[in-house]
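First up is the structure itself, then whatever we jot down about it.
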Amino acid sequence: LLFKWNIIAFRTVQSYNYFTFIIMKWELMVLGSSSATPTSERNPSAQVLNCGDRLFLIDCGEGTQMQLRKFKVKFQRIDHIFISHLHGDHYLGLAGLLFTYHLLGRKKGLHIYSNPELREIIDLQLKASGTRLLYSLIFHDIPENKALSLFEDKKIGISCFPLLHRVPTHGFTFRQKIAERNLIKEKIADLEIPIQQLATIKKGGDFTDKYGKIHPNSELTTAPPAPRIFAYCSDTGFNPKIVPYIKNASLLYHEATFMHNMRANADEKQHSTTIQAATIAKKAQVNKLLIGHFSARYDELTEVIEETRTVFPDAELAIEGNTYKI
Ligand SMILES: [Zn+2]
């Protein structure tokens, strides 16, 4: 009996190892949820997307580097930064972060995706301070009003699309590319399949055991989950034209600067209300909605989220330091 229990314990541990091996974490951390001006509780816009083995920074409002430190983000792992537009609350923290990377001795190149004017702004700041960065900055210009692919590799595709705002502004989508098959962990443990072969099996390969018997992939795996998609929309007026770009997102971040009684104000400033953000989420049939970019006039956000949920129940508030699974 003792022997049997040992076997079970061994298998359990083995299954746990396989299980942890197959997890690829996709999650979003909010670094700033305020609109134009920061408050004592809320920073301007910035979010960091963790796609398992990589971090992407999206917008970089003032104070973003302090938020990265406060929430213990390993920010040297960020190699790509996406700036939605050149209103100060979305990029004024960038120069500070770039100087810090230099002072920390960064050598790796850093890619920045933004409206073309950002390159001039950063170049002037570097020139005026007599700084020659130790690493290269690689700017990728986003032309006004264009939807295009910005980055692609085996695991992820990142695209931008135009939003409706007072200056050229883009939203971004991050799409997981290869959704790998799910291992049936009991089968994997029973057949004692070596860990080195799991990657091939997750891609659809069969397994040949030591007696030469072929175990087809259909017996070892189940169909993969739908690919994960994160869509980022800030800042924008109500604009159903964006729906095709963000359709079926696992998580949609959409700004909701105002409550709906301030709709006229939102229209004038080309921002959105709670109800408008929720309507876009509903039209795009996303799994979950995250709202942010809150006006400083709202100290307390209970009514803001309650109003959003009247149209789209699965909605959350963007809160500094919180992470959201994708
Ligand atoms: Zn703006």
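Counting convention: from 1, in listed order, for ligands and their atoms alike. Positions are given from 1, in the same order as the sequence printed here.
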Is it true that atom CD of E41 has more than 12 heavy atoms of other residues, nucleotides or ligands lying nearer than 6.0 Å?
-> no
Just wondering, more than 12 heavy atoms not from K146 lying within 6.0 Å of its NZ?
-> no
Under the salt bridge (Lys or Arg N to Asp or Glu O under 4.0 Å) rule, collect the residues that match up with D209, sequence neighbours excluded.
-> none
What protein N/O/S atoms lie closer than 2.8 Å to the Zn ion (ligand 1)?
-> H85 NE2, H87 ND1, H165 NE2, D235 OD2
Hey, would you say the F151 and H80 ring centroids sit under 6.0 Å apart?
-> yes
Can you check whether H87 and H165 have ring centres sitting under 6.0 Å from each other?
-> yes
Exactly one of H170, H85, H140 clears ring pair (Phe, Tyr, Trp, His ring centres under 6.0 Å) with Y113, and that residue is H140
